Protein chains: 2
Amino acid sequence: MTISVPQNIFSNIPTELPEELFETLHRQGNIQVERIISKGQHTPKHEWYDQPQDEWVLLLKGQAELEFSEPSSIQRLMEGDYLLIPAHVKHRVAWTPDDSETIWLAIHIFPNERL
Amino acid sequence: MTISVPQNIFSNIPTELPEELFETLHRQGNIQVERIISKGQHTPKHEWYDQPQDEWVLLLKGQAELEFSEPSSIQRLMEGDYLLIPAHVKHRVAWTPDDSETIWLAIHIFPNERL
């Protein structure tokens, strides 16, 4: 079996990021590994992600604020911070800095096979 | 549901690392997310990992050389490099620097539920 050449998670970052950039790095069975790049974007006010899947996120670079609805709280994330966002826990990205990229690694763990 | 407080993947690093340190950060279904810290360790010569699970690895900090047996090759990994090591692809850690920590994130994707 041929081994794939390593790729770098900090490369191929567009200079302009009018929207958040979501890229699937690996997909297998019920798992999706994703890179997310933010630059000043945030989820619109009063809009919430309400996902069927668990999401394990690691902030690789930059900073962010994650907001949760119940109980209402805001988590400030710095480089290296990680946490699990369980399925159907309503959350939104409240803030990312607009002067540099924020890079996230997200592991989506779906309840069922999706391939 | 209570959201867990974020933890930091670059914290709680022991000052002494006589052996590689493996820590499970998250385990769910057939998935295990692991932090591995190396400091000069390598897999003994002529010993190979031959795993039943796929392993997606991301080098978060430091450097490493991964060796594969068939075809014989060595991959130098730098910060941010990631690759998939498919199940039963024989590999070993050929080198990590001994003067600073190398921190890996590994996602093990087992063929079957293991909880």
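If you're wondering where the values come from, they're calculated on a predicted model, not measured in any experiment. Within every chain, numbering begins at 1; the chains are lettered A, B, ... in the order of the sequence lines, protein sequences first and strands thereafter.
Heavy atoms of Ile107(A) lying under 4.5 Å from chain B belong exclusively to its side chain. When heavy atoms are compared at a cutoff of 4.5 Å, Leu59(A) does not approach chain B at all. Only the side chain of Val33(A) comes within less than 4.5 Å of a heavy atom in chain B; its backbone stays farther off. Looking at Ile103(A), there are no atoms closer than 4.5 Å to chain B (heavy atoms on both sides), in backbone or side chain. Only the side chain of Leu105(A) comes within contact range of chain B, with at least one heavy atom under 4.5 Å from a heavy atom of that chain. For Leu60(B), the part lying under 4.5 angstrom from a heavy atom of chain A is the side chain only. With a threshold of 4.5 angstrom between heavy atoms, Leu84(A) approaches chain B through its backbone and through its side chain.
No continuous path of ILVMFWY side-chain contacts below 4.5 Å connects Ile74(A) to Met78(A), so the two sit in separate hydrophobic clusters. No continuous path of ILVMFWY side-chain contacts below 4.5 Å connects Phe22(B) to Trp56(A), so the two sit in separate hydrophobic clusters. In this structure, Val93(A) is a member of the same hydrophobic cluster as Ile36(A), with clusters built from ILVMFWY side-chain heavy atoms closer than 4.5 Å. In terms of hydrophobic clustering, with Ile, Leu, Val, Met, Phe, Trp and Tyr side chains grouped at heavy-atom distances under 4.5 Å, Leu58(B) and Ile13(B) are assigned to a common cluster. One hydrophobic cluster, built from ILVMFWY side chains closer than 4.5 Å, cannot hold both Val57(A) and Ile9(B); they sit in different ones.
Residues His26(A) and Ile109(B) form a side-chain contact, since some pair of their non-hydrogen atoms from C-beta on lies under 4.5 Å apart. Side-chain atoms of Leu25(A) and Tyr82(B), non-hydrogen and from C-beta on, do get closer than 4.5 Å to each other.
Counted within 6.0 Å of CG on Asp50(B), heavy atoms from surrounding residues, nucleotides or ligands total more than 12; the atom is thus considered enclosed.
Of the listed residues (Leu66(A), Val5(A), Ile31(A)), the one with the most heavy-atom contacts under 4.5 Å to chain B is Ile31(A).
Across all non-hydrogen atoms, the minimal contact from Leu77(B) to Pro6(A) is CD2-CG, 3.4 Å.
Here the CG atom belonging to Leu83(B) is positioned 11.5 Å from the CG atom belonging to Asn8(A), to the nearest 0.5 angstrom.
Using a 3.5 Å distance cut-off with no hydrogens or angles, the side chains of Gln7(B) and Asp81(A) do not pair a donor with an acceptor.
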